Amino acid sequence: MTAITKDSQIPVSIDASKGNLARMIKEIGEMKEKRNAVILAHNYQIPEIQDLADFVGDSLGLSQQAAKTSAKTIVFCGVHFMAETAAILCPDKRVLIPNLDAGCSLASSINIDELRAWKAEHPDAVVVSYVNTTAELKAETDYCCTSGNALKVVESIPADKEILFLPDQFLGSWVQKVTGRKNMHIWMGECHVHAGVHPSAVEAKLKEHPDAELLIHPECGCLTPYLDKVARGGNDSRLQVASTEGMITQASKSSCSKFVVATEIGILHRLQKQNPDKQFLPISDEMSCKFMKMITVENLHHALAEDVFHVTVPEDVRVKALKSIERMISIF
Ligand code: 13P
Ligand code: SF4
């Protein structure tokens with residue numbers, strides 16, 4: 001039995017609250033086979049979704065998986081710009097997102113008119129857009145990048161070329177500091193989850209756990225006090241700046257057994273699952289992305305049952321946006 005929520009038309013399963021999770025999980029497996037579908041989930045998804053997915057990863061890994069899957073349908077358990085990226089890369093596939101309201105505050109921090117006006121002020125600049133942007137923005141972009149490859153993308157651009165980097169100010173400042181790039185203009189956008197952490201919260205946590213290693217996402221506002229240190233010596237053994245997938249890799253290979261984790265709390269599930277003997281401490285339980293949490297077992301079940309919600313990108317926009325993603329991919 002399902003009910004439709006007033007605002008988003010997303011069905012909420014009443015059965016789920018009565019303990020029918022196991023039945024839904026079984027049916028999701030069956031429907032996935034029937035539809036020849038693959039489930040891709042971001043590292044911030046709720047544990048149940050991560051456990052149901054065929055692949056869990058960061059923005060870069062998920063787009064690589066989307067590009068190479070042979071499945072006919074991609075059910076994207078993440079936020080809208082990620083599903084759009086899959087639709088840009090795979091025009092012959094049906095890309096579904098279980099909840100159309102799963103947006104991103106960072107992607108919303110710049111619109112197409114603002115980008116066009118900024119470009120007009122710097123007509124010779126190369127535009128580098130973080131993957132957390134809409135398809136429309138990517139279509140006006142020279143190079144796309146993710147947190148996993150932003151340094152390499154910027155380093156690949158000739159030193160005399162001016163760069164417009166958008167939309168994340170903290171990722172931009174980190175890239176600028178590490179690369180030493182002077183001719184880089186940074187858009188002052190931010191993610192409400194990562195910008196909200198004060199450096200004092202990190203300091204307090206590290207004081208409490210002096211034996212812990214700090215894993216910090218470059219979107220974090222609390223990265224600012226460490227920028228000089230990062231620029232001087234790269235990552236040291238106590239401090240690692242990394243994408244979500246970089247954090248997963250670092251936690252497994254590090255000899256440290258305790259980690260303070262400065263990013264969205266959804267990542268703790270995978271970190272703990274893959275490293276049962278290690279301890280992972282969030283900076284704050286409040287580092288939770290409401291958009292990522294909009295994907296539930298119930299609406300994933302509904303997406304497969306009803307073949308919704310279809311994410312599409314107009315062909316002229318898709319072709320232009322693809323170029324910026326292909327340029328990024330060609331660097332590796
Ligand atoms: P990653 O690409 O590092 O997973 O980051 C995506 C994101 O939205 C971070 O908030
Ligand atoms: Fe966007 Fe921030 Fe959520 Fe990542 S955590 S999807 S950047 S709102």
Side-chain angles (χ1 to χ4, degrees), residues 40-46 49-50 53 55-67 76-86 89 97-110 128-134 137-138 144-153 166-172 174-175 187-197 215-223 235 240-251 261-271 282-295 311 325 328-329 332:
L40 304 183
H42 188 264
N43 287 320
Y44 296 160
Q45 289 291 292
I46 59 169
I49 296 288
Q50 293 193 30
F55 181 84
V56 185
D58 66 356
S59 310
L60 181 61
L62 292 172
S63 50
Q64 285 165 337
Q65 287 297 319
F76 213 108
C77 298
V79 292
H80 195 267
F81 77 81
M82 296 180 177
E84 250 187 2
T85 305
L89 284 163
I97 189 164
N99 188 336
L100 276 173
D101 291 340
C104 168
S105 57
L106 178 55
S108 303
S109 63
I110 181 166
V128 179
S129 293
Y130 190 33
V131 67
N132 296 42
T133 42
T134 61
L137 268 281
K138 287 187 180 80
C144 186
C145 75
T146 72
S147 55
N149 61 25
L151 288 174
K152 282 189 184 162
V153 168
L166 65 113
D168 191 74
Q169 57 177 300
F170 300 110
L171 176 69
W174 172 65
V175 170
W187 190 258
M188 287 290 119
E190 61 183 32
C191 149
H192 72 291
V193 180
H194 289 85
V197 190
L215 303 177
I216 189 160
H217 195 278
E219 279 177 30
C220 277
C222 59
L223 177 60
N235 284 335
Q240 299 286 331
V241 183
S243 74
T244 58
E245 198 58 31
M247 290 183 183
I248 302 277
T249 309
Q250 175 60 20
V261 183
T263 196
E264 210 272 354
I265 51 172
I267 198 170
L268 296 169
H269 175 64
R270 203 169 148 217
L271 284 169
I283 294 290
S284 155
D285 287 336
E286 281 168 24
M287 277 196 88
S288 175
C289 174
K290 64 178 180 180
F291 301 112
M292 285 283 179
K293 293 341 181 211
M294 284 180 183
I295 310 298
V311 177
I325 299 173
M328 166 181 88
I329 292 169
F332 304 96

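Read the numbers this way: they start at 1 and go in the same order the structure lists the ligands and their atoms. Since we're looking at a predicted model, the values are computed, not measured. In what follows, residues are counted from 1 in the order of the sequence shown.
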Distance col, row Leu268:CG vs Thr263:OG1, nearest 0.5 angstrom, shows 9.5 Å

**Study point:** Lys152 side-chain N/O to Met328 backbone N/O, donor-acceptor pair under 3.5 Å
**Key:** no

One should read off an interatomic distance between Asn132 CG and Ser109 OG, to the nearest 0.5 angstrom, of 9.0 Å

For Leu106 and Tyr130: C-alpha separation, side-chain torsions, deciding distance, then whether side-chain contact (heavy atoms from CB on, under 4.5 Å) applies.
CA-CA 10 Å; Leu106 178 55; Tyr130 190 33; 3.7 Å; yes

Smallest heavy-atom separation, Lys138 atom then Ile325 atom, equals CD-CD1, 4.2 Å

Students often mix this up, so state it plainly: with edges at 30° and 60°, are the rings of Phe291 and His192 parallel, tilted or perpendicular? perpendicular

Legend entry - Short side-chain donor-acceptor distance under 3.5 Å, Gln45 and Gln50: no

Separation between CG (Leu62) and CG (Asn43), nearest 0.5 Å, reads 7.5 Å

Taken by chain and residue number, the protein N/O/S atoms under 2.8 Å from atom 2 (Fe) of ligand 2 read Cys191 SG

Of all protein heavy atoms, the one nearest atom 4 (Fe) of ligand 2 is Tyr44 CE1, 4.0 Å

Does any non-hydrogen side-chain atom of Ser59 lie less than 4.5 Å from one of Met82? yes

Pocket residues around ligand 1 (non-hydrogen, under 4.0 Å) come out as His42, Tyr44, Asp58, Ser59, Tyr130, Asn132, Ser147, His194, His217, Glu219, Ser243, Thr244

